[in-house]
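For reference, the structure discussed in these notes is given below.
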Number of protein chains: 4
Amino acid sequence: MEFKNSKSIALQIADNLSERILNGAIEIESKIPSVRELAAEMGVNPNTIMRSYAELQSRNIISNQRGIGYFVNEDADKTIREWRKSEFFELQLPQFAHQMQLLDISFDELEKHISKYLSKHNNEN
Amino acid sequence: MEFKNSKSIALQIADNLSERILNGAIEIESKIPSVRELAAEMGVNPNTIMRSYAELQSRNIISNQRGIGYFVNEDADKTIREWRKSEFFELQLPQFAHQMQLLDISFDELEKHISKYLSKHNNEN
Amino acid sequence: MEFKNSKSIALQIADNLSERILNGAIEIESKIPSVRELAAEMGVNPNTIMRSYAELQSRNIISNQRGIGYFVNEDADKTIREWRKSEFFELQLPQFAHQMQLLDISFDELEKHISKYLSKHNNEN
Amino acid sequence: MEFKNSKSIALQIADNLSERILNGAIEIESKIPSVRELAAEMGVNPNTIMRSYAELQSRNIISNQRGIGYFVNEDADKTIREWRKSEFFELQLPQFAHQMQLLDISFDELEKHISKYLSKHNNEN
DNA sequence: GTGGTCTAGACCACC
DNA sequence: GTGGTCTAGACCACA
């Protein structure tokens, strides 16, 4: 796996796992790879994976069973969606709307650009 | 002035100055405060202001006249708007559209939230 | 059975068995389930049950008859009570009193909370 | 500083700092020692102190100012007291009351033991 | 100077 | 085997 420089590796891995849970690549209630295993797979130090897992655990997405490993929680997909939605509406949207106002961009103009982006992106898949 | 922890203070100050130029609080072609002056006013290390001014200068928003100080360029407001527009359409909008798609947010929902934000923000001014 | 993460599973099971002996769910001098049986019932590794039984045996609460199984000792209930009382007065109570002092909690406030707990817990049975 | 084995060193240091804030040894809104400084003072690795500070920051007891250091929050003492009280009443007290019930200890008996403990402890100071 | 993150390697309790 | 914690040492961005 390759990493960007803008966010910590641990958080990028946590995001990546969330994504995999959302699209079903990792199943609800299944065991996820052990710390050491995933560390080896991703070419990263086990401590880094520990921090990823700690982050996910603090968000109630995974849980630990002593001496056995980490498991995906029952409502993990719901939890992830709620968490992302609240981040979107409370953090990203206000900044975005502020920019629109400053730059004098109308909602119609925005809609046009977004649908252009979406159609382009869907054709690639 | 209070600072967030997600962005460097120098860049936050540069943004703040840009905004003040856009809304006319700082006039075109006027002299802006000296590094030391602004540093004192903002309770920040002069080195930090230096980096803010360097950032603005590299974007052709202000210019330095040796021994006199920094001045706002003639087309500063236009430059700022162009710079922000390109950032908006090339960086922020794609991320935003991607999030919308992932979270399955409709245009109607988006418009509702944005207009709510705008009306709230306009009442405050 | 569900387990907390703060204490080892083996000790939690030992506590659970003690509790069941105290309230009569497991009778004095009766045979308790075999290691494998209890392990299956609790969804736990047999090694873990082994450690629970070893703990109880070291406290003279159960005894092993080779090839037959583990049996509850004659004075098990008395032994458990004594063990818990000494733990209570020598370990838990001092910490508890120390906390009360630190947090400036009065006896009246304490009594109120304890009786609330007791009445709630009695209604459930 | 010497450490017990029952709790992680990082958490023991966080508790220690909380205590020092409560009793005024560390003042509200003051800067606390830098990570490296405290690490040297306590004979511990800087990473360990980092975890202590992260814990305190997540509890809104201290805050970070970029490139300068950590500072004690305005209401830190209040926050610490509230946090400890909620832990006391929600975690420790129920376990304690449960033990009292099992061991058939009356509130009068409890009060007697606690006041004995307190008087003994106060004479020592 | 400050914190933040990461690696490498160790040791522990627990299952 | 599992996670949890700690050390030692490095590098980075930021003030």
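Chain letters run A, B, ... following the sequence lines, proteins first and then strands; every chain starts at 1. What you see is a predicted model; the values in this text were computed from it and never measured.
Rounding to whole angstrom units, CG of residue C:Asn5 and P of F:dT5 are separated by 10 Å. Distance D:Phe3 CZ to F:dG4 P: 21 Å, rounded to the nearest Å. As rounded to whole Å, 13 Å separates atom C1' of E:dT7 from atom CG of D:Asn45. In this entry the distance linking CD of A:Gln65 with C1' of F:dG4 reads 17 Å, nearest Å. Atom CD in D:Glu37 sits about 9 Å away from atom P in E:dG3, given to the nearest Å. Taking atom NZ on C:Lys4 and atom P on F:dG3, their separation rounds to 24 Å, with Å as the unit. A:Leu38 has its CG atom 14 Å from the C1' atom of F:dT2, to the nearest Å. Atom CD1 in B:Ile9 sits roughly 14 Å away from atom P in E:dG3 (whole-Å rounding).
Across the interface with DNA chain F, nearest-nucleotide mapping of A:Gly67 and B:Ala10 shows A:Gly67 to be the residue nearer the 5′ end.
For D:Arg66, no side-chain nitrogen or oxygen approaches OP1 or OP2 of E:dG3 to under 4.0 Å. Listed pair A:Ser34 / F:dT2 meets the phosphate criterion, a side-chain N or O lying under 4.0 Å from OP1 or OP2. Applying the 4.0 Å criterion to OP1 and OP2 of F:dT2, one finds that A:Tyr53 has every side-chain N and O outside that range. For A:Arg51, a side-chain nitrogen or oxygen approaches OP1 or OP2 of E:dC6 to under 4.0 Å. The side chain of D:Thr48 contributes an N or O atom lying less than 4.0 Å from OP1 or OP2 of F:dT7.
Ring geometry for A:Tyr53 against A:Tyr70 counts as perpendicular: the plane angle is over 60°, on a 0 to 90° scale with 30° as the lower cut.
For the side-chain hydrogen bond (donor to acceptor under 3.5 Å, both in side chains) test with D:Asn16, the passing option among D:Gln12, D:Arg20, D:Glu19 is D:Arg20; the others fail.
Within the structure, salt bridge (charged side-chain N to carboxylate O under 4.0 Å, His left out) contacts touching residues 37-46 of chain B (residues at least two apart or in different chains) do not occur. The stretch residues 56-75 of chain D participates, sequence neighbours left out, in these salt bridge (charged side-chain N to carboxylate O under 4.0 Å, His left out) pairs: D:Glu55-D:Arg59.
Not a single donor-acceptor pair under 3.5 Å links the side chain of D:Ser30 to the backbone N or O of D:Ile26.
Taking 4.5 Å as the limit, some side-chain heavy atom of D:Leu22 sits within range of a side-chain heavy atom of D:Arg84.
Counting any heavy atom pair closer than 4.0 Å across all strands shown, B:Asn47 reaches no nucleic acid atom.
Taking every side-chain heavy atom of D:Met50 into account, E:dG3 is the closest of F:dG3, E:dG3, E:dC15.
Applying the 3.5 Å distance criterion, the base of E:dG1 shares no donor-acceptor pair with the side chain of D:Arg36.
Checked by atom type, the side-chain pair B:Asn73/B:Ser63 shows a donor-acceptor distance below 3.5 Å.
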Subject >> Secondary-structure notation, DNA chain E, from Watson-Crick and G-U pairs under 3.5 angstrom (| other strand) >> reply: ||||||||||||||.
